[in-house]
J.: 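Please see the structure below; I have some questions.
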Amino acid sequence: MSSSAEAPVFDPWRPSFVADPYPAYAELREGGRAHWFEPSRQWLIPRHADVSALLRDRRLGRTYLHRFSHEEFGRTAPPPEHEPFHTLNDHGMLDLEPPDHTRLRRLVSKAFTPRTVEALVPTIQRLAGELVDSFVASGGGDLIAAVAEPLPVAVIAEMLGIPPADRPALRPWSAEICGMYELSPSEETARRAVRASLEFSAYLRGLIDERRKSPGDDLISGLIAAYDEGDRLTEQEMISTCVLLLNAGHEATVNSTGNGWWALFRHPEQFAALRADPDALLPTAVDELLRFDTPLQLFERWVLEDIEVGGTVIRRGSEVALLFGSANRDPARFDRPDDLDLSRADNPHVSFGAGIHYCLGAPLARLELMASFGALLRKAPGMRLVREPERGTNFVIRGLRELLVEI
């Protein structure tokens, strides 16, 4: 397969591919460094070195609207009926480029300093312990619904100051919005995302109004203070930032938890080693589980200036799909990449991205994963799988529907 050939092995809508994309990734890597994928009209980039380099390359961007109009870039504007989703999505820092990205990230990063994150450790460990205690008392059940979902939602909602009674609505809104990040989403997916965008935005607008009248020590109050001090933060940027933090702050952690436990059940020797000495092994185990089956399989970037990848010129106006899942299994960078090795020390996985869009919440996500895995290993060491889990249908954001276990 030449570097400019189409990629027939890549089929993100085929259930068997979604269940196990890694053999297809190996074919893509062996076949070249850039592959044109006609169904989504993107260039697929499968190798670790290229993915890592392009994440840092300022000739690419998450948006092009800071430099070009849709027409100038050779693109069609989104349908007007999709506008509520794009208004919400396009004002978050993940889909902005400097200088707006720099300004927003600087404001939000104050809530994610090492000291701030470290101060959350007791809270995270307490929440994880309580969830696992309840799970054990019930004799097990769906690990996703009982432990994986509520922990990161509670942590990020606590940081933002969202009242506990309002938190059950967050995951459904998030799931509907994140459906738009799949390749070529359907009109029904778009309709649900628009509805969720409107509802989520209206909720946060009301919460921001409440915090203006009665500020606290939460992140929303901090963003309002920055706005009031003239730091050029619009209300839409506040709303979009909160949605981004809620979505990114729990979707990846939920799916990392489910994917990670499913990997452990399939590798009993590694599971036994982790169970025997969790304190020593958990730090490297968490990163290895993130590498082995990353919750974000693909990250898209727009080509703002012509680039060349492996002899293939990719023109301005094109879109590249950086295949994180493939990069994390690249034998050119990882020794025995298809083996789960929880003690792996040399592990430059790209699951949190790289460059200016590197995940701001990566240290927090690691803490949450260590807390939940640690609590389950200590309190439910004999946990057993009830049946093989059913994987969700989404490819880009990869996770399980449920993971039924017994204690």
Side-chain angles (χ1 to χ4, degrees), residues 33-37 40-78 82-83 85-109 177-178 180-185 193 232-234 236-237 240-241 243-245 247-248 252 294 296-310 312-327 350-362 396-397:
R33 292 169 57 186
H35 305 274
W36 176 249
F37 186 56
S40 64
R41 300 196 59 77
Q42 293 172 316
W43 288 95
L44 306 178
I45 310 296
R47 296 187 186 178
H48 184 279
D50 294 323
V51 168
S52 183
L54 292 178
L55 283 169
R56 297 169 169 86
D57 194 325
R58 301 307 302 137
R59 293 174 298 171
L60 287 82
R62 284 290 293 173
T63 183
Y64 52 80
L65 294 173
H66 61 308
R67 289 180 52 179
F68 307 100
S69 67
H70 291 298
E71 293 73 22
E72 290 169 337
F73 205 62
R75 293 282 160 173
T76 303
H82 296 180
E83 190 53 42
F85 165 80
H86 290 287
T87 296
L88 181 62
N89 183 73
D90 296 354
H91 286 82
M93 61 184 169
L94 183 61
D95 282 83
L96 291 171
E97 293 295 316
D100 289 326
H101 172 272
T102 309
R103 173 173 52 86
L104 272 175
R105 190 171 177 110
R106 177 173 51 80
L107 288 168
V108 178
S109 64
I177 290 169
C178 288
M180 286 292 276
Y181 304 140
E182 295 298 315
L183 296 178
S184 307
R232 304 193 320 280
L233 186 76
T234 67
Q236 183 59 59
E237 286 173 337
S240 296
T241 296
V243 170
L244 172 63
L245 290 172
N247 289 352
T294 179
L296 181 64
Q297 290 283 310
L298 176 155
F299 193 64
E300 298 166 329
R301 302 290 294 275
W302 295 105
V303 180
L304 307 176
E305 301 172 28
D306 291 1
I307 60 172
E308 185 176 322
V309 179
T312 298
V313 176
I314 301 180
R315 300 292 182 189
R316 187 190 85 178
S318 303
E319 191 176 31
V320 296
L322 307 177
L323 299 179
F324 283 11
S326 176
V350 293
S351 299
F352 289 123
I356 68 167
H357 290 293
Y358 180 79
C359 178
L360 192 63
V396 174
I397 300 176

J.: Between Thr102 and Arg106, does any side-chain donor sit less than 3.5 Å from a side-chain acceptor?
T.: no

J.: With side chains defined as the heavy atoms from C-beta onward, is the minimum distance between Trp43 and Phe37 less than 4.5 Å?
T.: no

J.: Is any side-chain N of the basic residue among Glu308 and Arg33 closer than 4.0 Å to the acidic one's carboxylate O?
T.: no

J.: Is the His101 to His357 ring centre distance short of 6.0 Å?
T.: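 Here the rings of His357 and His101 have centres that are less than 6.0 Å from each other.
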
J.: Is it true that Thr234 and Gln236 share a donor-acceptor pair across their side chains at a distance under 3.5 Å?
T.: no

J.: How about Met93 and Leu244: do any of their side-chain heavy atoms sit closer than 4.5 Å?
T.: yes

J.: Quick check: do Leu360 and Ser109 have side-chain heavy atoms less than 4.5 Å from each other?
T.: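 Answer yes - side chains close enough.
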
J.: Specify the closest pair of heavy atoms between Val51 and Ile45, including all atoms of both residues, with the distance to one decimal.
T.: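 Closest pair (atom of Val51, atom of Ile45, distance): CG2-O, 3.4 Å.
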
J.: Output the distance between atom CZ (Phe73) and atom CG (Leu304), rounded to the nearest 0.5 Å.
T.: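 The CZ atom of Phe73 sits 5.0 Å away from the CG atom of Leu304.
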
J.: Are any of the side-chain heavy atoms of Glu182 and Ile397 separated by less than 4.5 Å?
T.: yes

J.: With distance as the sole criterion, is a donor-acceptor pair present between the side chains of Glu237 and Thr241 under 3.5 Å?
T.: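 Note: Glu237 and Thr241 side chains miss the donor-acceptor criterion.
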
J.: Between Leu60 and Val320, which heavy-atom pair has the shortest distance, and what is it?
T.: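 Taking every non-hydrogen atom into account, CD2-CG2, 3.4 Å.
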
J.: Can you name the nearest heavy-atom pair linking Ala321 to Gln42, along with the distance?
T.: CB-OE1, 3.8 Å

J.: Using side-chain heavy atoms (C-beta onward) and a distance below 4.5 Å, is Trp302 in contact with Arg316?
T.: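 The answer is no; the side chains never approach within 4.5 Å.
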
J.: Taking all atoms of both residues into account, what is the closest heavy-atom pair of Tyr358 and Gly353, and its distance?
T.: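 Heavy-atom minimum between the residues: CD1-O, 3.3 Å.
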
J.: Can you tell whether the side chains of Asp100 and Arg103 come within less than 4.0 Å, N to carboxylate O?
T.: yes

J.: Do the side chains of Asp95 and Thr63 get nearer than 4.5 Å, heavy atoms only?
T.: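 Thr63 vs Asp95: side chains apart.
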
J.: Short question: side chain of Arg56, backbone of Ser52 - any donor-acceptor pair under 3.5 Å?
T.: yes

J.: How about Phe324 and Leu55: do any of their side-chain heavy atoms sit closer than 4.5 Å?
T.: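 The answer is yes; the side chains approach within 4.5 Å.
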
J.: Check for me whether Arg62 meets the cation-pi criterion with Phe299, that is, NZ or CZ under 6.0 Å from the six-membered ring centre and within 45 degrees of the ring axis.
T.: yes

J.: Quick test of your reading of the model: are Arg58 and Glu97 salt-bridged, counting only N-O distances below 4.0 Å?
T.: yes

J.: Quick one: are Phe85 and Ile177 in side-chain contact, heavy atoms under 4.5 Å?
T.: yes

J.: In Å, rounded to the nearest 0.5 Å, how long is the span from NE2 of His70 to CD of Glu72?
T.: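 Taking NE2 in His70 and CD in Glu72, the distance rounds to 11.0 Å.
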
